[in-house]
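In this text the structure is predicted, and so the values were computed from the model without any measurement. Order of appearance sets the numbers: ligands from 1, and atoms from 1 within every ligand. All values below come from the heavy atoms of this structure, side chains included, with hydrogens, waters and symmetry mates left out.
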Amino acid sequence: MADLYPVKADFSARARIDKNTYDTLYRESVENPDAFWGKAAQRLQWFKQPTTIKNVSYDLDDFRIKWFEDGELNASVNCLDRHLQQRGDKVALLFEPDSPDAPSRGVTYRELHERVCRLGNALRNLGVVKGDRVTIYLPMIVDAAVAMLACARIGAVHSVVFGGFAPNSIADRVIDCGSKLIITADEGLRGGKKIPLKANVDAALKLPGTTTVETVLVVRHTGGAVDMQAPRDRWFHDVVDPQPAQCEPERMNAEDPLFILYTSGSTGKPKGVLHTTGGYLLYAAYTHEAVFDLREDDIYWCTADVGWVTGHSYIVYGPLANGATSLMFEGVPNFPSTSRFWEVIDKHQVSIFYTAPTAIRALMREGDAPVKRTSRASLRLLGSVGEPINPEAWRWYYEVIGDSRCPIVDTWWQTETGGILISPLPGAVDLKPGSATLPFFGVQPALVNADGEIKDGATEGNLIIRDSWPGQMRSVYGDHQRFIDTYFRTYPGSYFTGDGCRRDDDGYYWITGRVDDVINVSGHRIGTAEVESALVSHPKVAEAAVVGFPHDIKGQGIYAYVTLIADETPSEELHRELVAWVRKEIGPIAAPDHLQWAPGLPKTRSGKIMRRILRKIAENAPDQLGDTSTLADPSVVASLVEERKVK
Ligand code: ATP
Ligand code: MG
């Protein structure tokens with residue numbers, strides 16, 4: 001079959017997990033979760049070993065999710081202290097600055113441990129105690145990881161707010177969790193532009209409801225001028241540098257909170273997801289090792305921001321718990337040129353590279369030349385996360401970036417899931433472009449119809465997960481009822497993901513889009529991902545988003561927004577060509593009824609297409625856009641609304 005990329009024998013021979021091992025372990029993990037996860041828990045260092053492994057009931061009258069509930073540990077000890085003897089001089093975090101002309105720098109496990117301890121002591125001196133919430137609003141610099149781990153060390157619950165958010169969004173998140181302290185920087189740097197972080201915090205703290213914040217610690221990063229308001233504002237270095245380099249870690253129960261993190265806001269107002277210590281850390285570490293087939297000498301780079309869950313699990317907690325070298329990149333893919341990612345890979349000899357479809361599509365738009373002037377010979381594995389990856393983008397990633405040498409792990413998961421739930425293990429699972437393939441250990445996906453009936457075999461439906469896994473979120477912060485209602489009421493006895501999905505004859509899973517985005521054309525359910533992928537497979541199309549709109553005859557029609565590759569211009573002829581193209585690729589039922597040229601698409605700040613906004617534009621209801629606080633660039637929406645009116 002043309003669209004199957006079998007595991008390569010040489011990769012499999014050296015891989016941590018081959019096909020047989022995957023099958024055996026998967027079976028064990030679902031047949032006897034207590035034994036499986038009890039053994040898996042040994043990869044962590046515990047102050048007190050857990051004796052109870054899993055204690056979960058999704059029954060609404062007797063609801064509980066607990067893992068390792070009598071175990072005690074500290075996440076920072078697991079990420080730092082326990083590596084000191086073997087890996088003290090190994091680089092833990094490799095910092096690559098925004099500008100390629102500024103120096104990059106490696107921070108060893110020993111140095112990171114010291115920095116975390118000093119900040120932990122400083123936080124304690126400032127009155128932060130176990131259970132207090134601390135907001136972190138920093139650029140992608142090493143201090144962001146230091147701040148997270150220092151909170152973990154003293155048992156404070158961190159809430160990282162992406163450095164691209166504006167004052168209102170900072171204030172919302174500070175108020176929601178009642179933070180006592182904020183750690184920020186004078187300014188951030190992205191693509192050569194300065195981001196006024198401290199000024200944004202100042203503006204946020206002028207808003208009502210933010211008075212819980214007693215202290216603002218300010219990292220001097222760019223040296224730009226900022227307002228320091230005594231006694232609230234303190235320079236980070238003044239407070240932290242004089243502290244001792246040892247800090248007693250707090251003994252945390254496995255179910256004590258580790259952090260709060262807000263979802264991306266693709267489908268509505270962001271949810272404050274609460275993760276706890278033991279299960280989360282174990283799951284992040286185990287998936288990181290298995291999915292990325294991690295080896296001791298890997299240089300691992302995940303391009304996400306620490307403001308998103310991908311940054312939490314796969315820049316900081318997973319890699320550091322595994323003693324890996326994790327690269328932190330301050331900049332953006334197109335500065336100073338669109339070769340930057342590939343140049344960074346060559347510069348640091350990156351062997352594992354993990355990014356998002358939005359970045360791949362944007363770079364694919366620029367053609368192969370910016371890639372081909374770099375070597376990328378150090379790469380051995382590629383990864384994707386955040387949205388369905390269109391098969392066309394997958395192939396480009398595979399052939400052009402990876403020179404047809406590196407497997408791609410398409411990892412499906414959510415802020416809520418803490419870690420990867422569906423993904424190929426690269427030494428075990430044959431790849432199909434566009435499919436996240438098979439579940440990770442302990443994960444039991446199922447597809448249900450609207451009535452909640454589980455459907456077997458090759459089929460399509462709403463994706464649910466039938467049992468718990470250790471990395472699962474435990475609550476919506478401050479609103480446990482919202483947690484239960486959102487995820488456990490729709491399909492009693494299961495966790496509802498909110499995503500639609502198809503399963504093929506080989507049992508492979510294909511995410512078809514958000515359940516709310518499914519389009520119903522004359523009684524046929526059409527997933528957004530499939531139509532978008534058909535459009536993107538046209539050589540002149542860079543990116544596409546499709547939504548449903550009310551249609552007199554069909555019930556719903558298909559409305560497509562299309563962004564062309566660089567140097568292509570819209571025309572009536574191309575319009576006709578694209579509609580015919582989709583008709584040929586999928587069938588007449590999926591042919592767009594409307595096609596609008598889009599110079600850009602509305603995206604969340606984490607880079608995901610916000611179809612709910614596009615739906616409102618298609619419906620000609622731009623006054624009902626809903627929560628737009630996570631929209632990356634409001635001007636994109638304004639121009640699409642204008643275009644729509646003209647039509
Ligand atoms: P909100 O929950 O606030 O609407 P969000 O769902 O975008 O925002 P995240 O937790 O960042 O917030 O994203 C998880 C979602 O991203 C998944 O539910 C899925 O729709 C999508 N996703 C992530 N990875 C993949 C992937 N590999 N393939 C397909 N979809 C993916
Ligand atoms: Mg979501």
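Under the 4.5 Å side-chain criterion, counting only non-hydrogen atoms from C-beta, Tyr354 is in contact with Thr411.
Within the listing of ligand 1, atoms 17 (C), 18 (O), 19 (C), 20 (O) sit less than 4.0 angstrom from a heavy atom of Asp499. Atoms of ligand 1 lying under 4.0 Å from any heavy atom of Ile511, numbered from 1 in the order shown and given with element: 29 (C), 30 (N). Near Trp413, the atoms of ligand 1 lying under 4.0 angstrom from a non-hydrogen atom of the residue are 14 (C), 17 (C), 23 (C), 24 (N). If you number the atoms of ligand 1 from 1 as listed, the ones under 4.0 Å from a heavy atom of Thr415 come out as 9 (P), 10 (O), 11 (O).
Side-chain atoms of His275 come within 3.5 Å of backbone N or O of Thr415 as a donor-acceptor pair. Between the Tyr26 side chain and the Pro439 main chain, no donor and acceptor come within less than 3.5 Å of each other.
Distances between N or O atoms of Arg514 and those of ligand 1 include at least one value under 3.5 Å. Considering backbone and side-chain atoms alike, Gln414 places an N or O below 3.5 Å from some N or O of ligand 1. At under 3.5 Å, a nitrogen or oxygen of Ser264, whether backbone or side chain, sits near a nitrogen or oxygen of ligand 1. Residue Thr267 has at least one nitrogen or oxygen atom sitting less than 3.5 Å from a nitrogen or oxygen atom of ligand 1, judged on distance alone.
Across the listed options Lys608, Glu387, Glu416, Lys608 owns the non-hydrogen atom lying nearest to atom 14 (C) of ligand 1. The option with the heavy atom closest to atom 29 (C) of ligand 1, from among Pro388, Cys501, Gly386, is Pro388.
For Phe440 and Tyr286, the distance between ring centers is under 6.0 angstrom.
Annotation: cation-pi geometry not satisfied between Arg376 and Trp342 (NZ/CZ under 6.0 angstrom from ring centroid, within 45° of ring axis).
Counting only heavy atoms of the protein, atom 7 (O) of ligand 1 lies nearest to Ser266 OG, 2.4 Å. With respect to atom 2 (O) of ligand 1, the closest heavy atom belonging to the protein is Lys271 NZ, 3.3 Å.
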**OP:** Dump the intermediate steps for side-chain hydrogen bond (donor to acceptor under 3.5 Å, both in side chains) on Arg173 and Tyr137, then the final yes or no.
**Re:** CA-CA 11 Å; Arg173 287 162 179 71; Tyr137 179 67; over 6 Å; no
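Ring pair Phe162/Phe165 is perpendicular by interplanar angle, where above 60° counts as perpendicular and below 30° as parallel.
For the ligand labelled ligand 1, residue Gly265 lies inside the 4.0 Å heavy-atom shell.
A pairwise comparison of heavy atoms in Val291 and Pro426 identifies O-CD, 3.1 Å as the closest pair.
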